[in-house]
**Student:** 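Sharing a structure, written as structure tokens. Questions coming.
Ligands are counted one by one from 1 in listed order, and the atoms in each one are counted from 1 as well.
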Amino acid sequence: MKQRTILEKSVISEKNLKKIKQFIPSFEPHIETDNFIPVCSPDLRGNELKYVSDCITSGWISSQGSYIKLFEERFAKFCEVKYTTALTNGSHAIVLALAAIGIKSADEVIVPTFTMIATATAVTFLGAKPVFVDAREDTYNIDETKIEAAITPKTKAIIVVHIYGHPAEMDAILKIAKKYNLWVIEDAAEAHGARYKNKPVGSIGDIGCFSFYANKMMTTGEGGMVTTNNKKLGELMYNLHNHAFDKEIHFWHQYLGYNFRMTNLQAAIGCAQMERAQEMIRARRKNAQLYKNLLKDVPGIKLPTELKGILNTYWMFGILLNRNFPLSRDMLRQKLAEKGIETRTFFIPLHLQPIYFDEKKIYSYPVANNLSKNGLYLPSSSALTKKEIDKICSVIISLL
Ligand SMILES: *Cc1c(COP(=O)(O)O)cnc(C)c1O
């Protein structure tokens, strides 16, 4: 893969597009009614308004203000880590983490192909190369048994993503990292509060990266956080996220820093969200159980799993169709949309993205290709009601 520039438009040739069309959505269904069940909506029923009002009345609306520290402290406790830095968003969290471990051009970073684009673009923005690995069939996380084959002398780090709230196989991944002397970054943007062998995600690798976008398990509108137990990395990320201002002489810069600062307004929302984090996770888990009970006997649908030793937060309730289901994924989405039920397709894997496309690799990641073709998630908000879940499942069952 040659180094690309930002304004270089990537277009896939007609010939290759024909090959990959079978794996990408054929159309996006449109919902005509106002009264619809969204795929995900934020739950802001706690102290959010009160704390934000407090920022406005007191005038502390920038990245100075007491809610930032409080949010960082609360999130550190939640993740059982020593160091946290609140940020602009989850994508910047990954960039900052990679910068802090010293990723530079010509380095390679292992990334699951089945993830959201920001996991890989962070690597690309630092001039390094993301090297893709296929997904596991059960959890959709990176297939740890395929990581070693992707490692070269240039590999510096592995980014694991805890897809849809189910933690990746961290013990096996840490073992590989140790053997090859690699950093491990957890992209935990989809898994706030999820646990692997009773350890919270974000506390297991060298650095954890979180997003607080409006559809995530907890939100600040836009926002992110890095977490770590490594003092040096923790202090470095804190410094780099704020232009690397020198501690002794303010406008003196010895490092190339960023402005990735979160505002006090966002942190105020974050503090309120933290107060209800466990409640929202419990609601997601309860909803997942309701879905599982109603859909368990439906032929042709694979439901999300929870492996032994895992606490899955079910950020998104993803289902995977197989040929025993009478409709294609896209037609099922269309039928649900006609009833006012919004859904979302699974990710289109990174190896099929125009910006990372390599025609020799189209069929190299069969699990991710299948997920892209046949996966979708159903409405998954914490505030979803049993009545809504009953409706969604009965629409699906009526199609059989
Ligand atoms: C949402 C998400 C991100 C990006 O977070 P933003 O806050 O939207 O920048 C990164 N990685 C994964 C896996 C995500 O789901």
**Student:** Pairs in or reaching into residues 325-345: which pass ring-ring contact (aromatic ring centres under 6.0 Å, His included), with residues at least two apart or in two chains?
**Tutor:**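 Found none.
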**Student:** For the side chain of T219 and the backbone of K216, is there at least one donor-acceptor N/O pair under 3.5 Å apart?
**Tutor:**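 Pair absent, no side-chain N/O of T219 close to backbone of K216.
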**Student:** Report every pair formed by an N or O atom of ligand 1 and a protein N or O atom separated by less than 3.5 Å, giving atom names and the distance to 0.1 Å.
**Tutor:**
{"residue": "ligand 1", "atom": "5 (O)", "partner": "S211", "partner atom": "OG", "Å": "3.3"}
{"residue": "ligand 1", "atom": "7 (O)", "partner": "G90", "partner atom": "N", "Å": "2.8"}
{"residue": "ligand 1", "atom": "7 (O)", "partner": "S211", "partner atom": "OG", "Å": "2.6"}
{"residue": "ligand 1", "atom": "9 (O)", "partner": "G90", "partner atom": "N", "Å": "3.4"}
{"residue": "ligand 1", "atom": "9 (O)", "partner": "S91", "partner atom": "N", "Å": "2.9"}
{"residue": "ligand 1", "atom": "9 (O)", "partner": "S91", "partner atom": "OG", "Å": "2.5"}
{"residue": "ligand 1", "atom": "11 (N)", "partner": "D187", "partner atom": "OD1", "Å": "3.3"}
{"residue": "ligand 1", "atom": "11 (N)", "partner": "D187", "partner atom": "OD2", "Å": "2.8"}
{"residue": "ligand 1", "atom": "15 (O)", "partner": "E190", "partner atom": "OE2", "Å": "2.6"}
{"residue": "ligand 1", "atom": "15 (O)", "partner": "K216", "partner atom": "NZ", "Å": "2.9"}

**Student:** Measuring centre to centre across the rings, with the benzene-like ring taken for any Trp, is Y365 within less than 6.0 Å of H351?
**Tutor:** yes
**Student:** Is there a donor-acceptor contact under 3.5 Å from the side chain of T228 to the main chain of D206?
**Tutor:**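 Between the backbone of D206 and the side chain of T228 there is a qualifying donor-acceptor contact (under 3.5 Å).
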**Student:** Say whether H166 and D138, considering side chains only, have a donor N or O and an acceptor N or O under 3.5 Å apart.
**Tutor:** no
**Student:** Report the C-alpha separation of Y164 and Y314 in whole Å, then their side-chain angles, then the decisive distance to 0.1 Å, and conclude whether the ring-ring contact (aromatic ring centres under 6.0 Å, His included) test is met.
**Tutor:** CA-CA 6 Å; Y164 303 147; Y314 297 98; over 10 Å; no
